[in-house]
Amino acid sequence: SFGSVLAGATAVRRSVRVCFNGQLLGELDALNVELTRARLTDPQTTAPDEAPGIAKRIVELEDEMRDAEVEFVFESVGAVAWRNLVAAHPPKDDDKKAGRDYNGKTFPVAAMGASCVVPEGASAEGFQEIADSPLVMDSQWDKLFSACLAANAGSADVPFSAAAWSIARPTETNSESHETTDSPEA
């Protein structure tokens with residue numbers, strides 16, 4: 001019945017992990033360039049191959065970066081609260097030209113502050129500090145805001161993963177139900 005529609009409802013959550021350690025990212029980028037160079041030059045020289053050692057360090061750095069990531073979990077504030085939040089941050093002319101229905105400077109900070117449940121103590125002020133930091137790249141900021149948007153204004157459709165489906169529910173063939181005969185009476 002309609003009265004039980006929300007009986008099993010829970011807030012949508014989206015999580016994202018962000019590595020703010022720019023030194024690791026810079027070292028990784030440099031090593032990827034070295035690896036490309038080594039793979040091109042190693043076969044042409046008699047010197048020992050450098051590529052395996054570089055590749056090993058890249059894998060170690062990737063592990064270090066994963067360990068340095070900070071997890072952020074955004075939880076939907078609900079449709080009414082979300083609309084009120086958008087309304088409280090009306091778009092400027094530049095925002096309207098960019099197709100946004102909110103203020104591109106103030107809304108992301110407020111939205112993330114309102115819906116971030118991990119790490120504990122997250123706030124609009126904390127997200128403003130992240131936004132203003134010269135150590136944070138646009139791509140990191142966009143990753144955070146995208147997760148916030150996904151939790152609050154993302155798709156409500158039930159997703160479908162073809163890869164997961166093919167692994168979890170492989171096609172079963174039943175030889176009896178797929179038999180064909182030449183006789184129309186069968």
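Quick note: numbers below take in every heavy atom, side chains included, and nothing from hydrogens, waters or symmetry partners. Positions are given from 1, in the same order as the sequence printed here.
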Revision key, fill the gap. Heavy-atom nearest pair, Val109 first then Ala131, reads CG2-CB, 4.4 Å

Review point. Backbone N or O of Ala7 within a donor-acceptor pair of the Ser4 side chain at under 3.5 Å?
Key: no

Review point. When you look at Met65 and Leu28, which way does the side chain to side chain contact (heavy atoms under 4.5 Å, CB included) test go after all the steps?
Key: CA-CA 9 Å; Met65 289 181 74; Leu28 181 65; 3.6 Å; yes

Point to revise | Considering all heavy atoms, the nearest Asn103-Pro90 contact | key: CB-O, 3.3 Å

Check your understanding: What's in the same ILVMFWY side-chain cluster as Val118, cut-off under 4.5 Å, chained through other members?
Key -> Val73, Val117

Point to revise | Backbone N/O of Arg37 and side chain of Thr41: donor-acceptor pair under 3.5 Å | key: yes

Point to revise | Heavy-atom side-chain proximity of Phe145 to Phe127 below 4.5 angstrom | key: no

**Study point:** Separation of Ser76 OG from Arg14 CZ (nearest 0.5 Å)
**Key:** 10.0 Å

Practice item. Tell me, yes or no, whether the heavy-atom count around Lys143 atom NZ, taken from other residues, nucleotides or ligands under 6.0 Å, exceeds 12. Key: yes

Practice item. Please confirm whether the backbone N or O of Leu149 pairs with a side-chain atom of Asn152, one donor and one acceptor, at under 3.5 Å? Key: no

Point to revise | Co-membership, hydrophobic cluster, residues Phe74 and Leu85, 4.5 Å side-chain | key: yes

Review point. Taking the side chain from Asn21 and the backbone from Gln23, do they hold a donor-acceptor pair closer than 3.5 Å?
Key: yes

Check your understanding: If you count the non-hydrogen atoms of other residues, nucleotides and ligands that lie under 6.0 Å from CD in Glu62, is the total more than 12?
Key -> yes

**Study point:** Separation of Glu69 CD from Leu24 CG (nearest 0.5 Å)
**Key:** 11.0 Å

Study note, to complete from the structure: To the nearest 0.5 Å, atom CD of Gln140 lies from atom SG of Cys19 at 7.5 Å

Review point. How many angstroms lie between atom CD of Glu125 and atom CD of Gln128, to the nearest 0.5 angstrom?
Key: 9.0 Å

Review point. Stepwise, does the side chain to side chain contact (heavy atoms under 4.5 Å, CB included) test hold for Lys92 with Asp95?
Key: CA-CA 5 Å; Lys92 304 257 187 217; Asp95 296 313; 3.5 Å; yes

Study note, to complete from the structure: In short, Val16 meets Ala147 closest at the heavy-atom pair CG1-CB, 3.7 Å

Point to revise | Check against side chain to side chain contact (heavy atoms under 4.5 Å, CB included), Met137 and Phe20 | key: CA-CA 9 Å; Met137 298 182 300; Phe20 291 109; over 6 Å; no

Revision key, fill the gap. Residues Ala38 and Ile54: closest non-hydrogen pair is CB-CD1, 3.9 Å

Exercise for review: Please check if Val18 and Leu25 belong to a single hydrophobic cluster, counting links between Ile, Leu, Val, Met, Phe, Trp and Tyr side chain heavy atoms closer than 4.5 Å.
Suggested key: no

Practice item. Without swapping roles, check the side chain of Glu75 against the backbone of Cys116 for a donor-acceptor pair under 3.5 Å. Key: no

Point to revise | Any side-chain heavy-atom pair of Asp29 and Val33 under 4.5 Å | key: no

Practice item. Decide if the gap between the ring center of Trp82 and the ring center of Phe107 is smaller than 6.0 angstrom. Key: yes

Check your understanding: To the nearest 0.5 Å, how far apart are CG in Asp94 and NZ in Lys105?
Key -> 8.5 Å

Practice item. Go through the steps to decide whether Glu27 and Leu61 satisfy the test side chain to side chain contact (heavy atoms under 4.5 Å, CB included), and finish with yes or no. Key: CA-CA 8 Å; Glu27 188 177 346; Leu61 264 177; 3.5 Å; yes

Review point. Are Pro119 and Phe72 side-chain neighbours, meaning at least one heavy-atom pair lies under 4.5 Å?
Key: yes

Review point. So, are Glu60 and Arg57 salt-bridged, with charged N and O less than 4.0 Å apart?
Key: yes

